[in-house]
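No experiment lies behind these values; they were computed from the predicted model shown.
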Amino acid sequence: MFRRAVRVVTLGGVDVRLDPSLVLLVALLTWVLTGRLGLRFPTSTALALAVVGSVILVLSVLAHELGHALAARRRGLHVGGITLFALGGATELAGHGRTPREELAVSATGPWISIVIAAAAGLVATGAEQLPAGDVSAAVGLLAGLVGWLNLGLAAFNLLPAAPLDGGRILHALLWRGLRDRHRATLVTSVLGVVLGVVLVVVGVRLVTDATDVVSGLATAAVGVFLAAGAEGERRRSRRSREPGHDDGDSDRGAVLGRSGRRPADLFGSGLASASIAIVAVAALTVPMPFVEYRPGGATPIEPLVTIEGADTTALDGETALLTVRLTRPSSVQLVAARLDPDRQLLPTARIYPQGVDRQVHLARERERFDRQFDVAAAVGAAAAGIPLEIVTAVVILEVDPNGPAAGLLAPGDVVLSVDGDPVTSGAALAERVRTSPAGVPLTLRIVHGGVERDQRITPQPPADAAGGSTDGPPRIGVIVQTAVDDLVLPIDITLTPDVRIGGPSAGLMVGLTVYDLLAEEDLLRGRRVAGTGTLDVDGVVGGVGGVPEKTLAAIEAGYDVLLVPAADAAATQRLASGRITVIGVTTLDEAIDRLRRRD
């Protein structure tokens, strides 16, 4: 089958050959990895890393096949060699075992090695996250993560119960043992293999004809043809072997090596087995999966965080607190436990941490968002208390969705001055303008970045669903913005305690409320402990936030008397609180002040 393959090395007594078609596999892997790595690195760097990653993945395929070969030699089966080609790798065995047990052991070795490689790569990626943020840690983490997931995918695909895949051979061994008929077992697994091959061909052709992903479609169809042909070939060999006097390489007698001698060490009977099990076990307990779980965080009193100079203040008769959530990334073991618990909330990592952005960089940006929100909230709270001030705001872009309409057109740090000539003074105003605009009709945004102004045309589009198609949702441009205080003119100074390590804008409502109570003559709290969550825009509007259920539980656990939440979350929060805390839903800072003022 691989007449043009060239032997390049012998490992453990097994010849390793490379087929010229392997170039196609390396090219495809390099193309795919370049696209993923290009979200974080310049094109040249991404390409270099992709080449390295492609080589590592080809070596992973070799390790997978070498596992089969050495396991077979250990059991006295003849191994013709390993060939790496465009669709992966193939190990030439004269039979896969004289007994179901032997076949099971030989077939399971390859996927197990792929799982071990995936686990090791996951541990490397997890370790890279502990390094200081930078290009080196990002490169190691991203590359190791991609290698890990692709090896896990390799193992999962090969474990599909269809010939000639490893999963098909495992099923064959189990059926052989259960039915006590090797040929009937072969018939079942070969039929499953043909069915799987046909399904892959249909999927591949569909991708090509729909122009959804031509390259992936062609690759999928090619794999399908290969599987169907291999499965049908096994069925025919099994049928011929039942003919009187027939003997082929798949018979029991032909499967035995014609000579004895020293055999390579059995992977599962050596220290390597223990090491591989330990790697997989540690990875299962420590390597985070691509999900984030919201958990209750804590309640942080706000008064100690605020310093006001130039105006008389009065100490709070009570306490105000902001609420936080803990975002944990569960390991595979924890993920299973979370999936089984309906009260635990899991979200895909991509919805929390943008693709192509270091996690540590993202957390630093979230702390910047907190600082900006503090400025706005403090100013709004001071204004509500009667302090004369002038606020000049700026709508700052913090993040750009790489798959959104603004990708490549806007960047973090851009300031939006106007939309179609109309001034924009807040993030809420920009969001409302985009939501109410007709989908597919371009908007002209006046942008300033680094002192340079420009006009940028962007066409809002409805959000995409999981399959990449459009939904019925309101138009969006795919950016996260923050209303920042561009200039604050007031006779007092309101500052945040340095080195506060809190991220996000959800403390805005409570910061504004705290500043108001410190400056106002009235006693708003009257001995109560009030916690809350919600953003606060420059116009005093309270915005929605995530993790409200978890913050509710944190407030209850900390023993607070009153919980302020955005009005949209009030009903659900009251049901969750079940009378354990007084819940007040508000839409503006003025409403929050009024509701607290009217309650005894």
Which atom names give the shortest non-hydrogen contact between [X] and [Y], and what distance separates them?
X      : Y      : answer
Gly217 : Leu207 : CA-CB, 3.7 Å
Gly512 : Leu536 : CA-CD2, 4.1 Å
Ala283 : Ala119 : CB-CB, 3.5 Å
Tyr560 : Pro301 : OH-CG, 4.4 Å
Arg369 : Pro505 : NH2-CG, 3.5 Å
Leu589 : Val542 : N-CG2, 4.0 Å

For a quick check under 3.5 Å, do [X] and [Y] share a side-chain donor-acceptor pair by atom type?
X      : Y      : answer
Thr514 : Thr320 : yes
Lys551 : Thr573 : no
Ser60  : Asn151 : yes

Looking at residues at least two apart in the chain, or sitting in another chain, which of them share a side chain to side chain donor-acceptor pair (under 3.5 Å) with [X]?
X      : result
Glu557 : none
Thr588 : none
Thr535 : none

Carefully, step by step, assess Leu346 and Arg339 under the rule side chain to side chain contact (heavy atoms under 4.5 Å, CB included). CA-CA 8 Å; Leu346 290 169; Arg339 286 295 192 189; 4.0 Å; yes
Candidate pair Asp537 and Thr483, rule side chain to side chain donor-acceptor pair (under 3.5 Å), full reasoning: CA-CA 7 Å; Asp537 217 330; Thr483 304; 2.9 Å; yes
Pairs of donor and acceptor atoms involving the side chains of residues 23-35, under 3.5 Å and at least two apart or interchain, shall be tabulated with distances.
| residue | atom | partner | partner atom | Å |
| --- | --- | --- | --- | --- |
| Thr30 | OG1 | Val26 | O | 2.7 |
| Thr30 | OG1 | Ser54 | OG | 3.0 |
| Thr34 | OG1 | Thr30 | O | 2.6 |

Above 12 or not: heavy atoms from other molecules or residues under 6.0 Å from CZ of Arg457?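 Atom CZ in Arg457 is not packed in, count stays at 12 or less.
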Look at atom CG of Asp422 and say whether more than 12 heavy atoms of other residues, nucleotides or ligands are closer to it than 6.0 Å.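 It does: Asp422 CG has more than 12 such atoms within range.
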Whether [X] side chain and [Y] backbone form a donor-acceptor pair below 3.5 Å:
X      : Y      : value
Thr533 : Val545 : no
Ser331 : Ala284 : yes
Thr582 : Val562 : no
Glu432 : Ala428 : no

Basic-acidic side-chain contact under 4.0 Å: Glu368, Arg365: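 Looking at Arg365 together with Glu368, the answer is no, because their closest N to O distance does not fall below 4.0 Å.
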Should Glu550 and Arg295 count as an ion pair when the cut-off is N to O under 4.0 Å?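 Salt bridge absent between Glu550 and Arg295.
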Let's go through Leu509 and Leu564 carefully: what are the C-alpha distance in whole Å and the side-chain angles of both, what is the deciding distance for side chain to side chain contact (heavy atoms under 4.5 Å, CB included) to 0.1 Å, and is it a yes or a no? CA-CA 9 Å; Leu509 169 62; Leu564 298 176; 4.0 Å; yes
Looking at Ile477, Leu409, Val479, Ile480, which one forms a side chain to side chain contact (heavy atoms under 4.5 Å, CB included) with Val400?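 Among the candidates, only Val479 passes.
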Option from Pro405, Ser437, Pro474 for which side chain to side chain contact (heavy atoms under 4.5 Å, CB included) with Pro460 holds: Ser437
What distance separates [X] [atom1] from [Y] [atom2], expressed to the nearest 0.5 Å?
X      : Y      : atom1 : atom2 : result
Leu154 : Leu57  : CG    : CG    : 9.0 Å
Leu525 : Glu319 : CG    : CD    : 9.5 Å
Ile302 : Leu513 : CD1   : CG    : 8.0 Å
Glu293 : Asp341 : CD    : CG    : 8.0 Å

Let me have the donor-acceptor pairs involving side chains of residues 515-522, under 3.5 Å, with sequence neighbours excluded, atom names and distances please.
| residue | atom | partner | partner atom | Å |
| --- | --- | --- | --- | --- |
| Tyr516 | OH | Glu522 | OE2 | 2.4 |
| Tyr516 | OH | Arg597 | NH2 | 3.2 |
| Asp517 | OD1 | Leu524 | N | 3.4 |
| Glu522 | OE1 | Arg597 | NE | 3.2 |
| Glu522 | OE2 | Arg597 | NE | 3.3 |
| Glu522 | OE2 | Arg597 | NH2 | 2.8 |

Is there a salt bridge (Lys or Arg N to Asp or Glu O under 4.0 Å) between Glu129 and Arg329 once you walk through the steps? CA-CA 13 Å; Glu129 291 184 355; Arg329 294 182 299 160; 2.3 Å; yes
Please evaluate residues Thr495 and Phe374 with respect to the criterion side chain to side chain contact (heavy atoms under 4.5 Å, CB included), reporting the C-alpha separation (whole Å), side-chain torsions for both, the decisive distance (0.1 Å), and the verdict. CA-CA 9 Å; Thr495 57; Phe374 176 88; 5.6 Å; no
Ignoring hydrogens and angles, write down the donor-acceptor pairs under 3.5 Å from the side chains of residues 438-451, residues two or more places apart or on other chains.
| residue | atom | partner | partner atom | Å |
| --- | --- | --- | --- | --- |
| Arg446 | NE | Glu453 | OE1 | 3.1 |
| Arg446 | NH1 | Asp455 | OD1 | 3.0 |
| Arg446 | NH1 | Asp455 | OD2 | 3.4 |
| Arg446 | NH2 | Glu453 | OE1 | 3.1 |
| His449 | ND1 | Asp414 | N | 3.4 |
| His449 | ND1 | Asp414 | OD1 | 2.5 |

Determine, step by step, whether Arg528 and Leu596 satisfy the side chain to side chain contact (heavy atoms under 4.5 Å, CB included) criterion, reporting the C-alpha distance in whole Å, the side-chain angles of both residues, the deciding distance to 0.1 Å, and the verdict. CA-CA 10 Å; Arg528 292 171 296 180; Leu596 289 175; 4.0 Å; yes
